[in-house]
S.K.: 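Take this structure first; my questions come after.
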Amino acid sequence: MPLRYLTNGAGMTTRFPTDPSMSRIRLAREFFTRDVLMVAPDLLAKVLAVREPDGAISRFIISETEAYRGTDDKACHACRGRTSRTDIMFHDGGRLYVYLVYGMHWMLNVVTGSLNDPQAALIRGFENCYGPGRATKLAGIDRSFNGEDLTSSERIWLEDDGVVPDYKTGERIGIDYAGEYWKARPWRFFL
DNA sequence: TCAGTGATTAGG
DNA sequence: CTAATCACTGAG
């Protein structure tokens, strides 16, 4: 199916006219290239759309995210520099960073920010599915999505349905190794 | 509370 | 090459 895009007035989003859901809007580059502390909360209530292998499109409402911010952030994988795994985080925003943790759980991250400033927002859950590993299992996300571009991919993208939700913040989960200061940053965002 | 699981990384 | 670590989950 050929895809065409039309930028809207704000330049933040693109229409997705060939998609069955004509009224929704695909998030475009300018949404993702902002600082992760802006993007991570803005991802709340956005819709992750995935074209499954059988062609059907599944949609998931994002309910929880965490920000991982640059080489100073001791909880960010990129704090030790550029490696084969963290390379994708050094791109400008809009790509996916997907990796396996504990040998069995895929973690889905949205790369944010500008070129060579490694940042990402971890998708920690959907409205009816809590936990980053459960979320990827539900959506069928695996290694093959690493590096995928959300602004142009034909099998995964983000939609804005106009909802601007209230949200709460808290400490990030599972980063005790990063030390008191970085653990205390209120960089977890949830509905 | 704790075992499972294997990719990734630093270091020899 | 080795060994340690890990942005977690589900069973008990």
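Side chains included, hydrogens not; waters and symmetry mates left out as well; all remaining heavy atoms used. The chains referred to below are lettered A, B, ... by the order of the sequence lines, with proteins before strands, and numbering in each begins at 1.
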S.K.: Working to the nearest 0.5 angstrom, can you tell me the gap between A:Cys76 SG and A:Glu66 CD?
M.R.: 12.0 Å

S.K.: Give me the stems containing DNA chain B, sorted by first residue, counting only three or more consecutive Watson-Crick or G-U pairs with both distances under 3.5 Å; say none if there aren't any.
M.R.: B:1-4 with C:8-11, B:6-11 with C:1-6

S.K.: First locate atom CZ of A:Phe126, then atom CG of A:Leu191, and finally report the distance between them rounded to the nearest 0.5 Å.
M.R.: 12.5 Å

S.K.: Would you grab the first and last nucleotide of DNA chain C (5' to 3') that comes under 4.0 Å of any non-hydrogen atom in chain A?
M.R.: C:dC6 to C:dG10

S.K.: Measure from NZ or CZ of A:Arg185 to the centre of the six-membered ring of A:Tyr181 and say whether it is under 6.0 Å with the direction within 45° of the ring axis.
M.R.: yes

S.K.: On the nucleotide B:dT9, are OP1 or OP2 found under 4.0 Å from the side-chain N or O atoms that A:Ser84 carries?
M.R.: yes

S.K.: Is the backbone N or O of A:Ala40 less than 3.5 Å from a side-chain atom of A:Thr65, with the two atoms forming a donor-acceptor pair by type?
M.R.: yes

S.K.: For the atom pair CG (A:Leu108) and CD (A:Glu148), what is the distance rounded to the nearest 0.5 Å?
M.R.: 11.5 Å

S.K.: With the threshold set at under 4.0 Å for non-hydrogen atoms, list the residues of residues 120-145 of chain A touching DNA chain B in residue-number order.
M.R.: A:Arg143

S.K.: Using whole Å, report how far CE of A:Met107 lies from C1' of B:dT8.
M.R.: 15 Å

S.K.: If you compare all heavy atoms of A:Gly94 against all heavy atoms of A:Arg29, which two are closest, and at what distance to 0.1 Å?
M.R.: CA-NH1, 3.7 Å

S.K.: Is it the case that over 12 heavy atoms from other parts of the model lie below 6.0 angstrom from the NZ atom of A:Lys168?
M.R.: no

S.K.: Just verifying a value: how many Å separate A:Phe90 CZ and A:Thr83 OG1, rounded to the nearest 0.5 Å?
M.R.: 8.0 Å

S.K.: Distance under 6.0 Å and angle within 45° of the ring axis: does A:Arg188 meet both against A:Phe190?
M.R.: yes

S.K.: To the nearest 0.5 Å, what is the distance between CZ (A:Arg155) and CZ (A:Phe145)?
M.R.: 4.0 Å

S.K.: Can you tell me if A:Lys183 has over 12 outside heavy atoms packed within less than 6.0 Å of its NZ?
M.R.: yes

S.K.: Once rounded to the nearest 0.5 Å, what's the spacing between atom CD1 of A:Ile57 and atom CD1 of A:Ile156?
M.R.: 12.0 Å

S.K.: Enumerate the ring pair (Phe, Tyr, Trp, His ring centres under 6.0 Å) contacts for residues 36-56 of chain A, please, sequence neighbours excluded, ordered by first and then second residue.
M.R.: none

S.K.: Give me the atom names and distance for the closest heavy-atom approach of A:Arg34 to A:Thr112.
M.R.: O-CB, 3.8 Å

S.K.: Using a heavy-atom cut-off of under 4.0 Å over every strand shown, decide if A:Arg172 touches base, sugar-phosphate, or nothing.
M.R.: nothing

S.K.: With a cut-off of 6.0 Å (strictly less than), are more than 12 heavy atoms of other residues, nucleotides or ligands near CZ of A:Arg82?
M.R.: yes

S.K.: Tell me, which of residues 98-105 of chain A have any heavy atom that sits under 4.0 Å from an atom in DNA chain B?
M.R.: A:Tyr102, A:Gly103, A:Met104, A:His105

S.K.: Check the interface with nucleotides 10-12 of chain B: list each N/O to N/O pair with the protein under 3.5 Å, or write none.
M.R.:
none

